[in-house]
Visitor: 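Here it is, the structure, as structure tokens.
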Protein chains: 2
Amino acid sequence: MNIGEASSATGVSAKMIRYYESIGLIRAPLRTGSNYRVYGEDEVHVLRFVKRARTLGFSVEETSTLLGLWQDKTRASAEVKEVATSHITALETKIAELQGMVKTLKHLAHCCGGDNRPDCPILDDLAGEHPTTKGH
Amino acid sequence: MNIGEASSATGVSAKMIRYYESIGLIRAPLRTGSNYRVYGEDEVHVLRFVKRARTLGFSVEETSTLLGLWQDKTRASAEVKEVATSHITALETKIAELQGMVKTLKHLAHCCGGDNRPDCPILDDLAGEHPTTKGH
DNA sequence: CTTGACCTTCCCATCATTGGAACCTTTATA
DNA sequence: TATAAAGGTTCCAATGATGGGAAGGTCAAG
């Protein structure tokens, strides 16, 4: 299997497969006489693992840790759970942050006429004048 | 006011002030004879506008648009509302995405013993074996 | 044997921000 | 007044994850 086939078998682009190899996330595969990368089932399995972890929002660094734990037969599940739960916490922090932005923006958009007049509470807020918070 | 004072007056780092100037988001200020940037109240006001917009998650590009609308006395508030609401939509899409990740991870973490045994549903899921979804 | 699809390496761009080097200016202190 | 600290200046590089593209080698089918 060459890189293009491995790519379509895993959903990881050929570009990214080479990148993951270059940063040491995955091991360099064997090459053909004409320098083509050759992938087998094991490599595809690793790539799918990486793909899934990335889809779940783990960074490449975290994915590397998880990959190490996966390949370590003696690891404790507690270690994995620790990585996962701290990732959950980070995601929830991010979500709360975004929700705060949405809340503020929705309030401003609600107060904004959205018409042809130049008065705009959104811009007023951005400018640091807060007339919308007074009368509401 | 030099760049350091403008920075502490607005919460925008001196580095970023120079950057915003270099990409044309803000105008280049006057300079002293010794080439120091000089800021006045107007510039500080603009910087605060930028800071607020960035805090609300608008990209620099969007911030630039909003800044243009702010400085355009004849603009319609509808234009501003359009920028804001499409940003809200983007934020909500991102939130939903992150919530999906959290949901999956919480499910996996819940199924994971978190003990000293090597069995780990989280890794099993990442590896593409889905035993947790069966018995649940 | 040519064509087109694939592979290789290498460099560049993104987005917003930070860090640092090398150097100049201003201010405070000994 | 000499000097040191704190600030300014420009320029270059890195981050994280990915995409784009050029220049060139290789493989398959027609």
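Since this is a predicted model, take the numbers as computed values, not measurements. Residue numbers start from 1 in every chain, and the chains themselves are labelled A, B, ... in the order their sequence lines are given, proteins ahead of strands.
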Visitor: In whole angstroms, how far is the P atom of C:dG20 from the CZ atom of B:R18?
Guide: 15 Å
Visitor: I need the CG-P distance between A:N35 and C:dC10, as an integer number of Å.
Guide: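 Atom CG in A:N35 sits about 11 Å away from atom P in C:dC10.
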Visitor: Could you state whether B:L123 and B:M101 fall into the same hydrophobic cluster, counting links through intermediate Ile, Leu, Val, Met, Phe, Trp or Tyr residues with side-chain heavy atoms under 4.5 angstrom apart?
Guide: yes
Visitor: Once you measure the plane-to-plane angle for B:F49 and B:W70, does it fall in the parallel (<30°), tilted (30-60°) or perpendicular (>60°) bin?
Guide: parallel
Visitor: Could you tell me the separation between the CD atom of A:E5 and the C1' atom of C:dA5, rounded to a whole number of Å?
Guide: 13 Å
Visitor: Does a side-chain N or O of A:R37 approach OP1 or OP2 of C:dT9 to a distance below 4.0 Å, or not?
Guide: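 Affirmative; the distance criterion is met.
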Visitor: I'd like to compare against my own output: the B/S/- annotation of nucleotides 17-30 of chain D with a strict under-4.0 Å heavy-atom distance to protein.
Guide: BBSBB---BBS---
Visitor: I'd like a list of close polar pairs between nucleotides 2-4 of chain D and the protein, N/O only, cut-off under 3.5 Å.
Guide:
none

Visitor: Please determine which of B:T10, B:L30, B:I3 meets the side-chain contact (heavy atoms from CB on, under 4.5 Å) test together with B:Y39.
Guide: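 So, applying the side-chain contact (heavy atoms from CB on, under 4.5 Å) to B:Y39 and each of B:T10, B:L30, B:I3, only B:I3 qualifies.
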Visitor: Walk me through it: do B:E43 and B:R37 pass the test salt bridge (charged side-chain N to carboxylate O under 4.0 Å, His left out)?
Guide: CA-CA 11 Å; B:E43 284 89 353; B:R37 287 170 178 83; over 6 Å; no
Visitor: Scan for side chain to side chain donor-acceptor pair (under 3.5 Å) pairs involving residues 81-99 of chain A, sequence neighbours excluded, and state none if there are none.
Guide: A:E92-B:K106
Visitor: Separation of B:N2 atom CG from D:dG8 atom C1', in whole Å?
Guide: 7 Å
Visitor: Would you give the length of the straight line joining atom CG of A:L105 to atom NE2 of A:H110, rounded to the nearest 0.5 angstrom?
Guide: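 With rounding to 0.5 Å, CG (A:L105) is 14.5 Å from NE2 (A:H110).
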Visitor: Please check this pair: side chain of A:S77 against backbone of B:D115, looking for a donor-acceptor N/O pair closer than 3.5 Å.
Guide: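 Yes: the side chain of A:S77 pairs with the backbone of B:D115.
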Visitor: For the side-chain contact (heavy atoms from CB on, under 4.5 Å) test, which of B:L67, B:L91, B:T63, B:T65 pairs with B:F58?
Guide: B:T63
